[in-house]
Amino acid sequence: MGKVRKFSREPEGSIITRNIKGGIDYIDSFCIEISTRDSSSVDYLTALLFTQVPGWVKVLLNLRNVLVKPFGLETGSMPEPENVKRSVHYNNGDRAVFFTVVERTGSEIVMAEDDRHLYFKVSVFVQKDSDPDHDRVFLTTLVQFHNLFGRLYFMPVKPFHRLIMIRMLKRFSCRCQ
């Protein structure tokens with residue numbers, strides 16, 4: 001436990017690619033094992049994951065907002081950590097901390113945002129492990145570019161994206177222990 005693994009496709013059983021029209025320009029998935037002793041819902045794990053954002057990520061997002069605002073792109077700030085309740089539940093159309101829920105199952109929440117330059121989905125998927133004491137939590141991102149600006153925008157974002165996903169999962173796994 002504690003080691004984040006990276007994959008270049010969605011995990012088996014995930015619904016993140018469902019209802020995708022056209023090609024996928026980028027996809028990655030990161031996975032970490034967590035203890036099943038708490039037997040937490042995917043909703044609770046999603047809320048925990050997206051409120052465990054390191055401070056330096058918030059600084060980067062604020063910088064991003066300053067840089068892209070003149071281009072008319074949506075800006076926003078990361079939510080402050082909140083007291084996440086185990087009873088939290090997200091329905092389609094709800095904001096799951098930061099992103100809009102577009103699909104869900106009992107083990108996966110898929111969120112998405114559509115901007116002028118790109119469309120992206122992010123998924124939190126809890127997969128039962130062969131070891132009954134552990135589950136695997138996957139954080140998967142899928143991107144479709146709408147135009148050249150989307151490709152140019154994502155080039156400098158991509159290395160930070162990978163680093164952010166890994167750090168979020170590591171912080172999250174410490175909270176789940």
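What's counted below: heavy atoms across the whole structure, side chains too, no hydrogens, waters or symmetry copies.
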(message) Here's a test for you: under side chain to side chain contact (heavy atoms under 4.5 Å, CB included), which of D94, V42, T46, V124 qualifies with R104?
(response)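 Of the listed options, the one satisfying the test is V42.
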
Where is the tightest heavy-atom contact between [X] and [Y], given as atom of each residue plus distance?
| X | Y | result |
| --- | --- | --- |
| A112 | Y119 | CB-OH, 3.6 Å |
| N91 | V101 | O-CB, 3.5 Å |
| C31 | F7 | CB-CE1, 3.7 Å |
| T100 | E113 | N-OE2, 3.0 Å |
| A47 | Y90 | CB-OH, 3.4 Å |
| K121 | V110 | CD-CG1, 3.9 Å |

(message) Tell me which one of F145, F154, F149 satisfies ring-ring contact (aromatic ring centres under 6.0 Å, His included) with H117.
(response) F149

Are any non-hydrogen side-chain atoms of [X] and [Y] less than 4.5 angstrom apart?
| X | Y | value |
| --- | --- | --- |
| D25 | R151 | yes |
| S123 | S14 | yes |
| R162 | F30 | yes |
| I16 | E108 | yes |

Could you grab the distance from atom [atom1] of [X] to atom [atom2] of [Y], nearest 0.5 Å is fine?
| X | Y | atom1 | atom2 | answer |
| --- | --- | --- | --- | --- |
| H89 | I109 | NE2 | CD1 | 7.5 Å |
| F120 | M111 | CZ | CE | 8.5 Å |
| L48 | D43 | CG | CG | 11.5 Å |
| T105 | I15 | OG1 | CD1 | 5.0 Å |
| L142 | I20 | CG | CD1 | 4.5 Å |
| I27 | S8 | CD1 | OG | 8.5 Å |

(message) Tell me if a side-chain donor or acceptor on Q144 pairs with a main-chain N or O of K21 at a distance below 3.5 Å.
(response)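 Confirmed, Q144 side chain pairs with K21 backbone.
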
(message) Strictly distance-based, threshold 3.5 Å: is any side-chain N or O of D115 a donor or acceptor partner for the main-chain N or O of L118?
(response) no

(request) Go through E10 and T140 one step at a time and tell me if the side chain to side chain donor-acceptor pair (under 3.5 Å) criterion holds. (result) CA-CA 6 Å; E10 76 279 9; T140 304; over 6 Å; no

(request) Any chance you could lay out the side-chain contact (heavy atoms from CB on, under 4.5 Å) test for V4 and M165, step after step, and finish with the verdict? (result) CA-CA 9 Å; V4 177; M165 297 300 104; over 6 Å; no

(message) Students often mix this up, so state it plainly: with edges at 30° and 60°, are the rings of Y26 and H161 parallel, tilted or perpendicular?
(response) perpendicular

Are [X] and [Y] in one and the same hydrophobic cluster, where Ile, Leu, Val, Met, Phe, Trp and Tyr link if side-chain heavy atoms are under 4.5 Å apart?
| X | Y | value |
| --- | --- | --- |
| V143 | F138 | no |
| L45 | L49 | yes |
| V88 | V102 | no |

(message) The criterion is side chain to side chain donor-acceptor pair (under 3.5 Å); which residues satisfy it with R136, sequence neighbours excluded?
(response) Q127, D129

(request) Show your reasoning for whether side-chain contact (heavy atoms from CB on, under 4.5 Å) applies to K128 and D135. (result) CA-CA 5 Å; K128 297 296 176 194; D135 285 337; 3.3 Å; yes

